[in-house]
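Below is one structure, written out as structure tokens, with a few remarks after it.
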There are 2 protein chains.
Amino acid sequence: MRKPTLEEVAAEAGVSKMTASRALRGASDVSKETRAKVLNAAERLSYVGNRLALSLSSQRTNLVAVVVPSMSNIVFPEVLAGISAALEGSGMQAVFGISDYDPAKEHAIIRDMLSWQPSAIIVTGLDQPGETARMLQSAAIPVIQIMDLDGTPVDFNVGLSHGRAGEDMARALLAAGRKRFGYIGSALDRDLRAGKRKVGFERVLRESGLGFVEQQQDSAFSSIALGKRLTSTMLATAPDLDCIYYSNDDMATGGLFACMELGIPTPENILIAGFNGLDLAQALPVRIATSRSPRRMIGETAGKLAREAVTTEAASLQKVFSFIPEITGVPHLQ
Amino acid sequence: MRKPTLEEVAAEAGVSKMTASRALRGASDVSKETRAKVLNAAERLSYVGNRLALSLSSQRTNLVAVVVPSMSNIVFPEVLAGISAALEGSGMQAVFGISDYDPAKEHAIIRDMLSWQPSAIIVTGLDQPGETARMLQSAAIPVIQIMDLDGTPVDFNVGLSHGRAGEDMARALLAAGRKRFGYIGSALDRDLRAGKRKVGFERVLRESGLGFVEQQQDSAFSSIALGKRLTSTMLATAPDLDCIYYSNDDMATGGLFACMELGIPTPENILIAGFNGLDLAQALPVRIATSRSPRRMIGETAGKLAREAVTTEAASLQKVFSFIPEITGVPHLQ
DNA sequence: ACTGTTACCGATACCGGTATCGATACCATC
DNA sequence: GATGGTATCGATACCGGTATCGGTAACAGT
């Protein structure tokens, strides 16, 4: 009652294992009649090939390992969908792992993934600890680091500069005439990219002799509810802000909802600014300012790169793919 | 420059391959000194085991294949996160695939997944075509079908009755005094569970001698933007509705935003009802009615089940796990 | 009739691990 | 000193495929 093996299919078809293998793979050295016999036998036994054996034997898995930090907002699922779409039809398969923004867990997951001998690996960010980076390096497969560009990649790099994204947003908001800034973030110790955006933002503020008038941070991960709560708190103590920069759109959306409930006109009194350009942010009854991160595009690019990197000579491929997020929803730019 | 094999580690440590294998796995038949030598050698060569070989040899992969239809809203990512969390520390690894609500693609993906000889497989829904169901059956591994309960499971079943969820929502809305219902959905031909909710909802309406006064459907997949657009259209031709049932919370949220922009008071004039109980829906400045689907819980249950099913005798395990979504946001029930 | 091609197929050796069984050394026991 | 038990290790045979090379048959050319 076990699953049939190639050997059994071959026996059923009255040929050798090797011939059966060739027939099923559509190799050329098989006569039409033999091929038909084998295909037929495989059909009868409802044979499903064993990729463990295939991969062990052929020394290539066509697996692409993907490690992302989170699945709790829509950003990384969209990246995964992009990767998955780019891989479709190539015979390659993505395998996902979630690190929960935990470097130790990330290390363990990457190690685990590598033991499956993937043909390429896609990891989020550039800030892996040295030990992890070394492990990636010695894996002898294409390593594609995504989302972030601020740092030194192991190999390939697809993403955007979050420092620059923060700077650009700050410049846009200053150009829109805002002066009294608040910042609301969450889990910045773990979401390093959000931290980089904040640093970039602050840098530009300082250049104009400004800074954050008020800050609120929480160790929990970002969510609409958290953004709403922190915003209410902040506005209670600092009602004279004219702009709040959030760690991302989820938090910003919460901020907008808080303003709506408090009856504070946005963007007139307070301009809400986030990051990501989520569909949600686009559909909101009141637009918020945001930087559209090309998440899907990053995923697709990374997936395409994985395809190419396993077939093409690595040296001939572009190493860095840089995207610049478009800023939308800043009133006077519209 | 290839990756070192167990053989090489053994040579480095001056023992046989078999002894090295035992030492690395922490088996008992190895002296402390030998074990140390092997561990040391493995460390020096930065050896990473080859799970292909391990799994092929030991005949168990500890892989859990997971097939979901979509990654474009937060629902399935949350399910995946639940599965992933439940598997953590068990030595089992989840492998995800996305079917895009396409039965043919689903069949291909499942076939592909099965070729990796997973220890268990989790698929979404109960409505796989016969061919697919047969393939699952003959895989001789635990099959866990999630999300839906309305149908005949192959093996294990974790989810909720969407028909009943639709009925319950209809009853709640009727009890709240609503009478003129609209329905707005999307891609019902593909998202069968949304269709089942609609059917259940309509069944209850009919029992009260009612029905949908107006319907809007689109072949595109659900999104906030689509919900917003369809709602605007519907309210233009049928402004006298007092309740709109949506295929899910994304669509409903779009509906709410449309009402806000049109200045229609909700829930006073129009009660917006969705499905899922997304965090978003909870945080909205105006609450919408929704059924909280236990997505994370379904994922965790399925993951836990996968763990147990591979170690425990299948016959001794509960086959069906039924969840009943809680309805929130219906005014007079609060 | 003999040789050379071509088309097709099978035997064998892997891929990198683990299961299993047997071998060896050492010690205690009678 | 012979016997038996225990601890430790290695040889061998797989797991289920594929790569590689060699063999056979059929046919064409001379």
Side-chain angles (χ1 to χ4, degrees), chain A residues 2-39 41-42 45-63 91 112 114-119 139-141, chain B residues 2-39 41-42 45-63 91 112 114-119 139-141:
Chain A
R2 269 181 34 269
K3 288 195 283 185
T5 68
L6 182 61
E7 185 91 57
E8 286 154 14
V9 172
E12 174 84 7
V15 298
S16 79
K17 190 174 144 187
M18 202 53 234
T19 301
S21 167
R22 279 194 274 251
L24 290 174
R25 278 179 297 156
S28 56
D29 271 11
V30 185
S31 74
K32 253 205 284 269
E33 302 77 42
T34 306
R35 187 190 311 281
K37 273 196 302 185
V38 172
L39 260 36
L45 301 180
S46 60
Y47 170 73
V48 179
N50 184 331
R51 279 197 75 157
L52 295 173
L54 188 161
S55 295
L56 179 60
S57 171
S58 65
Q59 299 285 69
R60 24 205 313 289
T61 55
N62 282 344
L63 238 36
D112 224 68
L114 289 179
S115 73
W116 285 103
Q117 320 290 116
S119 299
I141 54 174
Chain B
R2 268 182 33 268
K3 288 195 281 184
T5 69
L6 183 60
E7 186 90 59
E8 286 154 12
V9 172
E12 174 84 7
V15 299
S16 80
K17 190 174 144 187
M18 201 54 236
T19 300
S21 168
R22 279 194 275 252
L24 289 174
R25 279 181 295 156
S28 57
D29 269 14
V30 185
S31 73
K32 253 207 282 276
E33 302 78 40
T34 306
R35 187 190 309 282
K37 272 195 302 186
V38 173
L39 260 38
L45 301 180
S46 59
Y47 171 73
V48 179
N50 184 331
R51 280 197 74 158
L52 295 172
L54 188 162
S55 296
L56 178 61
S57 171
S58 64
Q59 299 285 66
R60 24 205 316 289
T61 56
N62 283 343
L63 239 37
D112 225 66
L114 289 179
S115 74
W116 284 103
Q117 320 289 115
S119 299
I141 54 172

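Sequence lines set the chain letters: A, B, ... in the order given, protein chains first and strands last, and positions in each chain run from 1.
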### Query
Taking side chain as C-beta onward, heavy atoms only, is A/Lys3 less than 4.5 Å from A/Val48?
no

### Query
In residues 4-15 of chain A, which ones come under 4.0 Å of DNA chain D, going by heavy atoms?
A/Thr5, A/Leu6

### Query
How would you list all residue pairs meeting side chain to side chain donor-acceptor pair (under 3.5 Å) that involve residues 4-14 of chain A, not counting sequence neighbours?
A/Glu12-A/Arg44

Can you name the side-chain hydrogen bond (donor to acceptor under 3.5 Å, both in side chains) partners of [X], sequence neighbours left out?
{"X": "A/Ser57", "result": "none"}
{"X": "B/Asn62", "result": "B/Arg60"}
{"X": "B/Ser16", "result": "B/Thr19"}

### Query
Residues from residues 50-57 of chain A sitting under 4.0 Å of DNA chain C, heavy atoms only?
A/Leu56, A/Ser57

### Task
Could you pull out the closest heavy-atom pair between B/Ser21 and B/Leu6, with the gap in Å?
CB-CD2, 3.6 Å

Identify, with sequence neighbours excluded, every residue that meets side-chain contact (heavy atoms from CB on, under 4.5 Å) alongside [X].
{"X": "A/Leu39", "value": "A/Leu24, A/Arg35"}
{"X": "A/Asp112", "value": "B/Arg51, B/Gln93"}
{"X": "A/Ser55", "value": "A/Thr61, B/Leu52, B/Trp116"}
{"X": "A/Ser31", "value": "A/Glu33, A/Thr34"}

### Query
So does A/Lys17 reach the base of D/dG17 with its side chain, donor to acceptor, closer than 3.5 Å?
yes

Can you tell me which nucleotide in [options] comes closest to the side chain of [X]?
{"X": "B/Thr19", "options": "D/dT18, D/dC9, C/dA19", "value": "D/dC9"}
{"X": "B/Tyr47", "options": "C/dG17, C/dC15, D/dG16", "value": "C/dG17"}
{"X": "B/Ser31", "options": "C/dT18, D/dC9, D/dC15", "value": "D/dC9"}
{"X": "A/Arg22", "options": "D/dC9, D/dT20, D/dG17", "value": "D/dT20"}

### Query
Is the distance from OP1 or OP2 of D/dC14 to the nearest side-chain N or O of B/Gln59 less than 4.0 Å?
no

Just the table, please: protein N/O against nucleotides 22-26 of chain C N/O, every pair under 3.5 Å.
none

### Task
Return the angle between end axes of the helix from C/dA1-D/dT30 to C/dC30-D/dG1, with five pairs used per end and rounding to 10°.
60°

